[in-house]
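In what follows, chains carry the letters A, B, and so on, assigned in the order in which the sequence lines appear, proteins first and then strands, with residues in each chain numbered from 1. Since we're looking at a predicted model, the values are computed, not measured.
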Amino acid sequence: MAKSYDHKKIEKKWQERWEKQKLYETPDAVAGKKNFYTLVEFPYPSGDLHVGHWDAFAVPDIFARMKRMQGFNVLYPIGFDAFGLPAENAAIKRNIGPAEWIEESAMRMRGQLMSMGNCFDWSRTLTTSEPSYYRWTQWLFLKFYEKGLAYRGTGLVNWCPNDQTVLANEQVVDGKCERCAAVVEQKELEQWFFKIRDYADRLISDLDSLDWPEPIKEAQRNWIGRSEGAEIDFPLARSGEKLTVFTTRPDTLYGGTFLVIAPEHPLIASLPIENRKEVDTYVKKAMAKSEIERIGDKEKTGVELKGVKAVNPTTGVEIPVWAADYAIAHFGTGVLFGDAHDERDVAFAKKYGIPLKPTLKPLDGSDDTDIKNLSRCFEGKGILYDSGEFSGLTSDEAMSKITEKFGTAKVTYKLRDWLISRQRYWGAPIPIVYDPEGRPHPVPEEHLPWLLPTDADIKPKGTSPLGSSKELKQRVEKLFGKGWTPETDTMDGFVDNSWYFLRYIDPKNEKEFSSIKRQKEWMPVQRYSGGAEHTTVHVLYSRFFTKALFDMGLTTENEPYKVRMNRGIILAEDGRKMSKRWGNTVNPDEQVANVGADAVRTYLAFIGPYNEVGSFPWSTNGLVGVRRFLERVVGLSDKVGDGHVSADLEVLLNQSIKKVGEDIESMKFNTSVSQLMILSNELGKLQTIPKQAYEILLKLLAPFVPHLCEELWEAQAHTGSIHLEGWPSFDPSKLQGGEVTIAVQVGGKTKGIILAKQGATEGEVVALVRADQKLKKMTPERPSRVVFVPGKIINFIV
RNA sequence: GCCCGGGUGGCGGAAUUGGUAUACGCGCACGACUCAAAAUCGUGUCUCGCAAGGGUUGUGGGUUCGACUCCCACCCCGGGCACCA
């Protein structure tokens, strides 16, 4: 009869005791222990924890706990990402103030987080919307401003008509707002930006040295979108002006028969255009289109800038200039030359009857009539002709030579500077004030935190809510003088969370945002896991922050995260995404009430490989299976006694210690759980379970099942916490028993297995096969060859 | 279109990195216990075959004594970028 397993009682008991004993408070340094920083993305206070949160926080806790047992001083912190759109929208939906909402929901979530039984150090917790935190967000803004990395710029920006604010490029997914899915519009506005583009090269090249999964690196490279090419000046005929184009294919320059300028290009306004009215109409129409419409429109449109002629610098030929919306204002120079070796240029030229001039033939010398008569567009690299002194060269040879003669080598990026202004209330106020002439000035440090006023009308209405605050207006006039006005935009929430990991390690510091001393003790983060959707947003931004601060001497690291991992997602039982709309959500609180936090944690660990991004359907049956496993472990304790550890059991114990430890280290929790099941199944077969063996099982299981293992450990007459025990070590010489199984093959096909003593020679194994009734018949008597892999395979080749 | 992953039972997934494919769990079937059911325990469970045997890791080829693993071509799924010059 198995002992009862009252998870509610056990989990409550140990959570209280841990808190009382401050078991998980992490000192900055412990003699004889190395510091180890492991991090998970902190939640925004949504009011309720869902299964995804359990997957995000309770599963990596297994890793943190093993590291603790392995003798590291482990920091596993948690806090709330409380500023920003999600939190504010949640508050507005419930019709209460964001500050109240944050307080209320953070309190409830804290309780839910506690129920996971994680080894979070709550003494270091932080909330980004608290003045003690955001004063440092503002301080960092001022540092960026000082270094010219924060600037005010005018240009076309993404505008979400639903959230009533501008958005960074990273927050626009397929032309829609990532939060509310409204189609994003383009607006010409003056906004604050961070110069992340200055770091584009380093953000790419430093990836090489990082031990990160390739897909994450690749996604960042794609996002930054580095292109090498050349800038080439095309002088305008009968004018001192010129248009500069960017191209990645300077080898086709001789065939450049027209220029294309982006409709939004500011230069259009100043060019001597004869058909000004027509052009202006086109520009207006193009700009009214959303990004989605523009991309969706396969048909290219454009208008010729009559009266404007550019000169191809290679030939001196005058060529027409067109405005067309397939040219993008913010890529390269916003101007390109059209030629016969680019599909888009050819399609455009054919539509409008612009002449084309092919200048490349295939490298292999194959027939190129179809290319010459323009029935096929050849985009590859080839051999040049009709290209002056460069005729006969290959594209690769010609590119650098033509660049040298007519232009300058240049690198450009898809990445745009980070737009950080938000026309919303719930964010850190940008610490800038304007003098009566409208010039910006930083708010002096002594006035930080530059408090978010409480008297503003927070409803989003397209202009910054802070503009409605009398208190802020008066504050500015009082401090700076009559006619001075405040900046009324707040900062993007992603600014707050670009540096939070540096605050956990020095959370109470009132003099610095994060001291170098603490950074030296803790940084870099050894393991960082989070959602795949943050790859080109938060992860990129925080890398940029770290690098910028590193250059200012404010951080010790050039890269914040030693290892970054993206987590998969937990689907509903029906294989779809969990959604209130489908009514298929799983409430973790209910599951915890039914089977306990320990079972839920272990089930999520068991569901699939944590180190791979996948989608895993929830299975209540699977959860029950894990609960049964834990009940069996409880049942085992009845049979624990002073038994002798057999040779076979010793091998299994050593194998288990190795497997479980290694798999936790690489976040393959599913296979460590499987090994623990194997071990406990084997122990269950014994009449008496040696105490020593049972206690090894408990220690290996403790990171997964922290409450129950503590209870069972105490029942074995221990007074200290199992979580303060050392992680078991294995003896590499005892990973194999005296006997090994050897597969017997004929021509590579397995016919059976044979048991041989460890270290058996080929002759001995052959003799065993000959002695086996069944195998004797199947194996050739006179094989042409025998392949023998000691301890593994004997292969008879006919 | 370019670039990353991936394709293994009814399902989630294993496979010591070239060496017994399908571990572990779920589900299912049968049995034990029970008046019965649930729970629990036991046995079985890739496939064809009564068996002896044979076949099987998306498809087709190749390398090798031996391929889920390496190479080539193709198909499909997931993800990133995308009128980026």
Side-chain angles (χ1 to χ4, degrees), chain A residues 1-2 174 213-227 229 245-249 252 260 262 294-300 324-328 330-339 341-345 347-348 379 412-414 532-533 535-536 566 575 603 606-609 612-626 628-629 631-632 635 655 658-659 662 668 670-678 681 684 735 741-754 774 777-778 783-789 791-798:
Chain A
M1 180 62 193
D174 292 332
E214 194 51 38
I216 301 181
K217 293 189 188 184
E218 200 53 33
Q220 292 211 349
R221 286 190 201 107
N222 283 343
W223 184 259
I224 297 166
R226 186 178 196 274
S227 293
V245 306
F246 175 79
T247 180
T248 56
R249 291 297 298 273
T252 61
V260 179
R294 233 168 116 163
I295 293 165
D297 255 339
K298 294 257 158 59
E299 185 69 26
K300 290 174 184 29
D325 67 0
Y326 80 94
I328 294 161
H330 51 76
F331 184 79
T333 58
V335 187
L336 60 94
F337 70 82
D339 64 80
H341 298 286
D342 180 286
E343 299 258 18
R344 294 157 308 196
D345 294 343
F348 186 74
E379 291 191 300
T412 191
Y413 308 91
K414 289 182 204 164
E533 72 277 14
T535 303
T536 52
N566 285 351
Y603 169 65
F606 189 49
I607 201 167
E612 283 172 33
V613 180
S615 45
F616 308 98
W618 174 270
S619 158
T620 302
N621 278 322
L623 172 64
V624 169
V626 169
R628 273 203 285 265
F629 160 59
E631 281 168 8
R632 283 199 295 274
Q655 285 172 340
K658 181 171 192 282
K659 175 94 180 140
E662 287 176 356
K668 292 193 281 189
N670 55 333
T671 46
S672 16
V673 173
S674 148
Q675 184 66 33
L676 288 162
M677 287 171 169
I678 292 170
N681 287 347
L735 291 168
T741 355
I742 291 175
V744 181
Q745 301 182 332
V746 176
K749 299 264 180 216
T750 304
K751 299 293 175 184
I753 52 156
I754 203 133
K774 197 179 124 201
K777 275 187 270 173
M778 289 180 155
S784 63
R785 202 179 134 201
V786 174
V787 177
F788 178 64
V789 183
K792 283 182 177 158
I793 290 281
I794 183 129
N795 190 3
F796 297 86
I797 295 125
V798 191

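Between B/A85 and A/Arg249, no contact under 4.0 Å exists linking OP1 or OP2 to a side-chain N or O. Under 4.0 angstrom from either OP1 or OP2 of B/G25 there lies at least one side-chain N or O belonging to A/Asn681. Under 4.0 angstrom from either OP1 or OP2 of B/A21 there lies at least one side-chain N or O belonging to A/Thr750.
For A/Arg226, the salt bridge (Lys or Arg N to Asp or Glu O under 4.0 Å) partners at least two apart in sequence or on another chain are A/Asp201, A/Glu228. Legend: residues meeting side-chain contact (heavy atoms from CB on, under 4.5 Å) with A/Thr750, ordered by chain and number and at least two apart, are A/Ala743, A/Gln745. Annotation: side-chain contact (heavy atoms from CB on, under 4.5 Å) contacts of A/Arg221 (sequence neighbours excluded): A/Ile204, A/Leu207, A/Asp208, A/Glu214, A/Lys217, A/Glu218.
When rounded to the nearest whole Å, the span between CG of A/Asn621 and P of B/G27 equals 4 Å.
The minimum heavy-atom distance linking A/Ala532 with A/Val613 is given by the pair CB-CG1, 4.5 Å.
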Sugar-phosphate atoms are those with a prime plus P, OP1 and OP2; base atoms are the rest. Using that split, label each nucleotide of nucleotides 37-42 of chain B B, S or - for protein heavy atoms under 4.0 Å, 5' to 3'. ---SS-

Determine, for nucleotides 4-17 of chain B in 5'-to-3' order, which nucleotides have protein heavy atoms under 4.0 Å from the base (write B), from only the sugar-phosphate (write S), or from neither (write -). S-------BSS---

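Under the 3.5 Å distance criterion, the side-chain polar atoms of A/Tyr603 are matched with a main-chain donor or acceptor of A/Ser619.
Counting distance only, with no hydrogens placed and no angle test, the side-chain atoms of A/Asn795 and the base atoms of B/C65 include a donor-acceptor pair under 3.5 Å. No hydrogens or angles were tested; on distance alone, nothing pairs the side chain of A/Glu343 with the base of B/G1 as donor and acceptor under 3.5 Å.
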All N/O pairs under 3.5 Å across the protein-nucleotides 47-50 of chain B interface:
none

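Across all strands shown, nothing is found opposite B/C68 as a Watson-Crick or G-U wobble partner with both distances under 3.5 Å.
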